[in-house]
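Computed from a predicted structure; not experimentally measured. Just the heavy atoms: all of them, side chains too, but no hydrogens, waters or symmetry mates, feed the values below.
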Protein chains: 2
Amino acid sequence: MSLLETLEAQETENPATAGCAEPIRFPRPDGEDRYLISEVAEYTGLSPHTLRWYERIGLMPHVDRSHTGQRRFANKDLGWLDFVGKLRLTGMPVADMVRYAELVREGEHTFVERRELLEAHREVVHNRIAELQDSLTVLDHKIGTYAGATRAQERV
Amino acid sequence: MSLLETLEAQETENPATAGCAEPIRFPRPDGEDRYLISEVAEYTGLSPHTLRWYERIGLMPHVDRSHTGQRRFANKDLGWLDFVGKLRLTGMPVADMVRYAELVREGEHTFVERRELLEAHREVVHNRIAELQDSLTVLDHKIGTYAGATRAQERV
DNA sequence: TACTTACTTGGAGTGCACTCCAAGCAAGCG
DNA sequence: CGCTTGCTTGGAGTGCACTCCAAGTAAGTA
C-alpha cells in the first residue's frame with residue numbers, strides 16, 4: 001500500500017478529523033519517520049528531481065542519509081515542504097523562499113526579518129488577488145457579449 | 001507632451017469621467033489615430049520589442065504601416081492590446097491568447113469556441129483566486145506566530 | 001553633410017523553475 | 001550470478017515569456 005493510499009484510508013477511517021488543517025498528520029509517527037525520496041515525491045506532488053534540486057539550492061535543510069548515502073526524509077522535512085508548498089502556491093519566487101530558509105537556519109534572531117519578508121509577500125498576494133478579481137470582471141463582461149451572440153447563432 | 005502626460009492632463013481636466021472604464025478613451029480621436037510603436041509602448045507598458053513580438057506570433061492583427069514601413073498603430077489596436085493585457089493579467093498562457101486571436105480573425109462563426117475558451121479560463125482564474133486566498137490564510141497564521149515572538153524580542 | 005534618433009528585421013540570449021540525462025552504486029530476487 | 005529497481009551525482013536541456021543584438025534604413029537637426 002502506497003503512502004497516499006495509507007493516508008486516504010486514514011481519512012476514510014476517521015472523517016472526524018478531516019479538514020482540520022492545524023496539526024498535520026504525517027504518514028508515519030515520529031520515531032518511525034524515515035521516508036524514501038519517492039515516498040516524499042508522492043506525498044508532496046513534487047518530483048524526486050525537484051526535491052534534490054530544492055536541497056541543492058538551499059530550499060531544504062540538509063536531509064538525513066542512510067548508511068548507503070540515500071536520503072531519508074523525516075516528518076519535520078514533510079512539514080517544511082508543506083509550508084514551502086504554500087509559499088509556492090502564492091507565487092513567491094524561489095529566491096525569496098531560499099532567503100526565508102536561510103533566515104530559519106540562522107536562528108531566532110532573524111524573527112523580525114522573517115516576519116517582514118512574509119508581510120511584504122502578503123501584500124503582493126493581496127494585490128494579485130485584487131488584480132485577478134478585476135480582470136475577472138472584464139472576462140465576465142466579454143463572456144456576456146458572446147452569450148448573447150451565441151443565442152442569436154443558435155436560433156438560426 | 002508625451003501621450004501619457006496628455007492622458008493625465010485629460011484626467012485632471014475632466015474628473016467627472018474618471019473611473020468610467022467602459023468606453024476606453026484613447027489619446028487621439030478616431031481618424032487621427034496613428035501611433036508610433038514607442039507611443040504604444042508608453043500607453044500599454046509593453047516594450048516595443050514585445051509589441052513586435054506580439055505581432056510576429058499572431059497575438060496582434062497585422063498593424064498598418066507608414067510609406068517607409070514603420071508601424072502605425074490605430075485606436076482599434078490599442079483596444080485590442082487593452083483586452084490582451086487583461087487576459088495577460090489573469091495569467092492566461094500566450095499560446096491561448098494567440099488561439100483566441102486566431103478565432104477572432106476567423107470571424108463570427110467562432111463565437112461559440114471563443115466563449116468556451118474564455119469560460120474555461122474563467123474557471124482557472126476562479127480556482128487561482130481561491131488557492132491564493134487559502135495560502136493567504138496560512139501566511140497570516142505564520143505571520144501571527146512571528147508577531148508574538150517579535151513582541152517578546154522587543155521586550156528584551 | 002554629418003550627426004542623432006527612432007524605427008526595421010531575424011535570430012540569439014535571458015531568467016525562472018524545473019526536468020531530464022548519463023553513469024554509477026546498492027539491495028532484493030530467481 | 002545476472003537482472004531489475006531505485007537511489008546517487010553534476011551538468012545539460014526544456015518551456016515560457018520575453019528581451020536584446022547587430023545591421024540596416026529613414027527622418028530631422030546643426
One would report the end-axis bend of the helix from C:dT1-D:dA30 to C:dG30-D:dC1, five pairs per end and rounded to 10 degrees, as 20°
Side chain to side chain donor-acceptor pair (under 3.5 Å) filter on B:Thr137, not counting sequence neighbours, yields none
When you measure from the side chain of B:Asn127 to the backbone of B:Val124, do you find a donor-acceptor pair of N or O atoms at a distance under 3.5 Å? no
For A:Glu55, the side-chain contact (heavy atoms from CB on, under 4.5 Å) test, sequence neighbours excluded, returns A:Met60, A:His62, A:Val63, A:Arg65, A:Arg71
Can A:Arg99 and A:Leu117 be said to form a side chain to side chain contact (heavy atoms under 4.5 Å, CB included), step by step? CA-CA 9 Å; A:Arg99 176 78 191 123; A:Leu117 192 154; 3.8 Å; yes
Sorted by chain and number, sequence neighbours left out, ring pair (Phe, Tyr, Trp, His ring centres under 6.0 Å) with A:Tyr54 holds for none
Worksheet item: According to the interplanar angle, ranging from 0 to 90°, do the rings of B:Phe26 and B:Tyr43 count as parallel (below 30°), tilted (30 to 60°) or perpendicular (above 60°)?
Response: tilted
In short, ring-ring contact (aromatic ring centres under 6.0 Å, His included) pairs touching residues 79-104 of chain B with sequence neighbours left out are B:Phe83-B:Tyr100
Contact check, residues 84-93 of chain A vs DNA chain D, heavy-atom distance under 4.0 Å, returns none
Per the under-4.0 Å heavy-atom filter, residues of residues 64-75 of chain A near DNA chain D come out as A:Arg65, A:Gly69, A:Gln70, A:Arg71
Quiz prompt | Backbone N/O of A:Asp140 and side chain of B:Arg122: donor-acceptor pair under 3.5 Å | solution = no
Could you check B:Ile129 against B:Leu132 for side chain to side chain contact (heavy atoms under 4.5 Å, CB included), going step by step and ending with a plain yes or no?
CA-CA 5 Å; B:Ile129 289 175; B:Leu132 282 180; 5.7 Å; no
Does A:Gln70 offer a backbone N or O that forms a donor-acceptor pair with the side chain of A:Ser66 under 3.5 Å? yes
Contacts of B:Thr50 meeting side chain to side chain donor-acceptor pair (under 3.5 Å) (sequence neighbours excluded), chain-then-number -> B:Ser47
In numerical order, the residues of residues 121-135 of chain B whose heavy atoms come under 4.0 Å of DNA chain D are none
In the 5' to 3' direction, the nucleotides of DNA chain C bounding the stretch that comes under 4.0 Å of a heavy atom in chain A are C:dA17 to C:dA27
Numerically ordered, the residues 52-60 of chain A set in heavy-atom contact under 4.0 Å with DNA chain C is A:Trp53, A:Tyr54
Item to check | Cationic N near anionic O, under 4.0 Å, A:Asp134 to B:Lys86 | outcome: yes
A:Glu131 meets the side-chain contact (heavy atoms from CB on, under 4.5 Å) criterion, sequence neighbours left out, with A:Arg128, B:Leu89
